[in-house]
Amino acid sequence: MTKTAKLSLCALLIFMCACNQSIDVDPDTGFEVFTIPVGGHSSIIRNEAFNATGANFRVIFDESARYTLDVVADQEDINKLIGFSDCGQHHQSESARIGWRWFNDELQILAYTYREGNLSFELMGAIPLNTEISLSIQITNSSYKYTGTGLTPVTIPRTADCEVGDNYWLWPYFGGDQPAPHEITIKLKRELVE
């Protein structure tokens with residue numbers, strides 16, 4: 001093996017290790033705990049395959065979900081809670097996620113979809129803080145169905161000729177344009193739909 005090949009292999013191994021951080025789990029409740037640091041966007045960098053026809057979630061947002069951004073126009077930006085890529089494509093081409101934001105003095109939940117590289121989203125409603133809420137994304141041949149406790153169900157079209165390929169989980173992410181103005185903690189439980 002050449003020196004260049006060895007260096008490339010070492011760099012790849014370091015990247016792979018850095019991209020597979022462990023997820024903290026609350027030992028009392030079994031919830032996965034995701035923390036977005038102040039000044040950051042990502043809660044975790046982790047490669048984890050997604051191979052199912054949907055997922056059910058239970059989520060708890062605490063008081064850290066309240067925030068005010070310096071640029072008022074950015075307050076309407078959508079943060080990402082959880083979801084997955086689809087059709088064996090990059091998530092900004094094909095994906096389904098639950099979005100959230102602190103807007104109009106409430107925690108709003110949104111269906112958030114990329115289809116053929118085009119973003120679409122739809123408000124599902126608002127949820128209370130410090131309360132466990134159930135959410136779901138189900139895949140059909142032609143759409144994504146988003147549902148949640150006390151929320152309006154939303155159906156958004158899916159790419160009709162979706163290719164089979166490797167898909168992956170998408171983790172809690174703050175932004176939009178601006179990073180998190182303070183530390184934000186989100187608790188989640190995930191269940192695959194086969």
Side-chain angles (χ1 to χ4, degrees), residues 11-12 15-16 18-21 23 34 36 39-57 59 65 67 69 71-104 107-126 135-148 151-180 184 186 188 190-194:
L12 177 62
F15 175 77
M16 288 173 61
C19 290
N20 282 313
Q21 300 169 331
I23 298 172
F34 295 90
I36 301 168
H41 290 283
S42 297
S43 60
I44 190 171
I45 298 172
R46 179 182 170 92
N47 295 322
E48 186 176 327
F50 178 87
N51 295 306
T53 60
N56 299 320
F57 312 101
V59 63
Y67 60 88
L69 298 175
V71 179
V72 176
D74 289 344
Q75 194 74 31
E76 196 172 355
D77 286 357
I78 302 168
N79 309 304
K80 289 63 160 186
L81 174 61
I82 192 82
F84 45 85
S85 68
D86 197 14
C87 305
Q89 301 295 314
H90 185 272
H91 62 271
Q92 288 186 324
S93 179
E94 304 286 341
S95 62
R97 284 193 267 192
I98 303 286
W100 71 278
R101 63 185 175 198
W102 187 260
F103 188 65
N104 290 335
L107 182 59
Q108 296 182 345
I109 299 295
L110 303 98
Y112 186 95
T113 304
Y114 271 101
R115 179 176 176 242
E116 298 175 355
N118 297 307
L119 173 63
S120 62
F121 54 88
E122 193 171 328
L123 180 65
M124 297 172 67
L135 299 166
S136 178
I137 306 171
Q138 305 299 317
I139 302 171
T140 70
N141 286 338
S142 61
S143 65
Y144 302 106
K145 296 182 184 240
Y146 296 84
T147 59
L151 300 170
T152 302
V154 170
T155 300
I156 295 180
R158 179 180 185 226
T159 296
D161 56 350
C162 189
E163 299 173 15
V164 175
D166 294 329
N167 299 315
Y168 51 91
W169 280 100
L170 299 167
W171 308 110
Y173 182 91
F174 191 91
D177 299 317
Q178 294 190 46
I184 296 172
I186 300 168
L188 275 167
R190 300 176 283 147
E191 175 188 18
L192 293 176
V193 175
E194 300 298 334

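Please read all numbers here as calculations on a predicted model, not as lab measurements. Quick note: numbers below take in every heavy atom, side chains included, and nothing from hydrogens, waters or symmetry partners. One is the number of the first residue; the rest follow in order along the sequence.
Residue Asn104 comes nearest to Gln108 through the heavy atom pair ND2-NE2, 4.3 Å, listed as atom of the first residue, atom of the second, then distance.
With sequence neighbours left out, the side-chain hydrogen bond (donor to acceptor under 3.5 Å, both in side chains) criterion links Asp77 to no other residue. Applying the side chain to side chain contact (heavy atoms under 4.5 Å, CB included) rule to Ala126 yields the partners Glu106; only residues at least two apart in sequence or on another chain are considered. Under the side chain to side chain contact (heavy atoms under 4.5 Å, CB included) criterion, Ser143 pairs with Thr140, Lys145, Thr155, not counting sequence neighbours. In this structure Ser42 satisfies the side-chain hydrogen bond (donor to acceptor under 3.5 Å, both in side chains) test with no other residue, sequence neighbours excluded. Taking Tyr144 as the reference, nothing meets the ring pair (Phe, Tyr, Trp, His ring centres under 6.0 Å) condition, with sequence neighbours excluded.
In this structure, the side chain of Gln21 engages the main chain of Ile45 through a donor-acceptor pair within 3.5 Å. A donor-acceptor contact shorter than 3.5 Å links the side chain of Gln75 to the backbone of Leu69. A side-chain donor-acceptor contact under 3.5 Å links Tyr67 to the backbone of Trp102.
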Acceptor/donor pairs from residues 113-123 side chains to any protein atom, 3.5 angstrom cut, sequence neighbours excluded:
unit_1, atom_1, unit_2, atom_2, d
Thr113, OG1, Tyr146, OH, 2.5
Arg115, NE, Arg158, O, 3.4

Output side-chain donor-acceptor pairs under 3.5 Å for residues 159-172, partner residues at least two apart or in another chain, one line each.
unit_1, atom_1, unit_2, atom_2, d
Thr159, OG1, Glu94, OE1, 2.7
Thr159, OG1, Glu94, OE2, 2.8
Asn167, OD1, Cys87, N, 3.3
Asn167, OD1, Gly88, N, 2.8
Tyr168, OH, His91, N, 2.9
Tyr168, OH, His91, ND1, 3.0
Trp171, NE1, Arg46, O, 3.0

Exercise for the section: Give the C-alpha distance, both sets of side-chain angles, the deciding distance and a yes or no for side-chain contact (heavy atoms from CB on, under 4.5 Å) between Trp100 and Ile186. Expected result: CA-CA 11 Å; Trp100 71 278; Ile186 300 168; 4.2 Å; yes
